[in-house]
There are 2 protein chains.
Amino acid sequence: MKVDKELTKGSHELIILKLLSRQDMYGYQLIQQMSLLSDDVFCMSQGSLYPFLHALEDKGYIQSYPQLENGRERRFYHLTQSGHKALEDKERQWDLYTRAMARILGGIAK
Amino acid sequence: MKVDKELTKGSHELIILKLLSRQDMYGYQLIQQMSLLSDDVFCMSQGSLYPFLHALEDKGYIQSYPQLENGRERRFYHLTQSGHKALEDKERQWDLYTRAMARILGGIAK
DNA sequence: TTATATACCTCGCTATCCGATGTGTCAAGA
DNA sequence: TCTTGACACATCGGATAGCGAGGTATATAA
């Protein structure tokens, strides 16, 4: 394992909201895209993803709808208005987080 | 709360090892330094820190020793050789992590 | 027809982290 | 002098996220 899961745990919401902000996707596709785009740094298991998506839907950040594609039923997820807001907030937090870490790792420079 | 704890959870080990790589510190001081340097992004509670330090010592990354300072007994922690190796590894992982996230947040650029 | 990839799902375990709580010391001020 | 608050260390129980294991079902390739 290249990167300890412990480190990347908390960023799942940000990643998923971001991917869905570009286009509607279904669960399995999200896992593939995460792995592909991150060069396998983010490998979410199905046992994590699906309950996670349901929770995001409960929070109103995403909305799901079934769609037939290649003769196969898939459950697509769409980012809601509220989800877009949450994404913005998460991106701002990510920025604060990495800058704080840069200050600690980089040295005294503040 | 500026930054969701969920996001910053996994980075405690990196931060503590890094701070101890500069100088030996005691627990209470570590908490203060984390808050100060990170502008309150990293606020570790005592209930998290002390068990965490004990675990790091069990892993052999740090070594503790008591020291009297200002007439007050404090338990200082020192980064071991093995701890330095772990720190290097964690820093490399942090780099991979942020670059992977940058690819996802930034867009298609790979 | 058998295996593999796709696609969704649930359940129970584990690890982590935090708040609450407890102990004791020291300095400042009422 | 007594009390308050900061300092310093510690443990414990609860909450929660994420994972592995396991289950179901369909399409495609061998």
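Hydrogens, waters and symmetry mates are skipped; everything else that's a heavy atom, side chains included, is used. Naming convention: chains lettered A, B, ... in sequence-line order (proteins, then strands); numbering from 1 in each chain.
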Polar atoms only, N or O, under 3.5 Å: list the protein pairs with nucleotides 12-17 of chain C and their distances.
unit_1: dC17(C); atom_1: OP1; unit_2: Lys9(B); atom_2: O; d: 3.0

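Within the structure, every pair that satisfies the salt bridge (Lys or Arg N to Asp or Glu O under 4.0 Å) test and touches residues 52-69 of chain A, not counting sequence neighbours, is listed here: Glu13(A)-Lys59(A), Glu69(A)-Arg74(A).
At least one donor-acceptor pair closer than 3.5 Å links the side chain of Gln93(A) to the backbone N or O of Asp4(B).
Dashed line: the shortest gap from a side-chain N or O of Tyr50(B) to OP1 or OP2 of dC9(D) is under 4.0 Å. Here His54(A) does not reach the OP1 or OP2 of dC8(C): none of its side-chain N or O atoms lies under 4.0 Å away.
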**Request:** Decide side chain to side chain contact (heavy atoms under 4.5 Å, CB included) for Asp24(B) and Tyr65(B); before the verdict, give the C-alpha distance in whole Å, the side-chain angles of both, and the deciding distance to 0.1 Å.
**Result:** CA-CA 10 Å; Asp24(B) 293 5; Tyr65(B) 57 95; 2.6 Å; yes
**Request:** Could you walk me through whether Asp39(A) and Lys2(A) pass the side chain to side chain contact (heavy atoms under 4.5 Å, CB included) test, one step at a time?
**Result:** CA-CA 10 Å; Asp39(A) 205 14; Lys2(A) 287 189 301 180; 4.1 Å; yes
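Following rounding to the nearest Å, Leu7(B) (CG) and dC18(C) (C1') show an atom-to-atom distance of 17 Å. Between the C1' atom of dG24(C) and the OH atom of Tyr28(B) lies a distance of 14 Å, rounded to the nearest Å. Computed from coordinates, the Asp4(A) CG to dA17(D) P distance equals 19 Å when rounded to whole Å. In this structure, Glu57(A) atom CD and dC9(C) atom C1' are separated by 14 Å, rounded to whole Å. dA6(D) atom C1' lies 11 Å from atom OH of Tyr26(B), rounded to whole Å. Put simply, CD1 on Ile15(A) is 16 Å from P on dA17(D), counting in whole angstrom units. The CG atom of Leu49(A) sits 15 Å away from the P atom of dA17(D) (whole-angstrom rounding). Look at CG on Leu53(A): it is 11 Å from P on dT10(C), rounded to the nearest Å.
The pair Arg92(B)-Asp89(B) meets the salt-bridge criterion, since a charged nitrogen lies less than 4.0 angstrom from a carboxylate oxygen.
Not counting sequence neighbours, the partners of Thr8(A) by the side chain to side chain contact (heavy atoms under 4.5 Å, CB included) test are Val3(A), Ser11(A), Val41(A), Phe42(A), Tyr97(B). By the side chain to side chain contact (heavy atoms under 4.5 Å, CB included) test, Leu87(A) is found to be paired with Leu14(A), Leu17(A), Lys18(A), Ser21(A), Leu79(A), Glu91(A), residues two or more places apart in sequence or in another chain being considered. In this structure, Glu88(A) has no side chain to side chain contact (heavy atoms under 4.5 Å, CB included) partners at least two apart in sequence or on a different chain.
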**Prompt:** What does nucleotides 23-30 of chain D look like as a protein-contact string, B for base, S for sugar-phosphate only, - for none, at under 4.0 angstrom between heavy atoms?
**Reply:** ---BS---
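Shortest non-hydrogen contact noted between Arg103(B) and Leu37(A) is NE-O, 3.0 Å.
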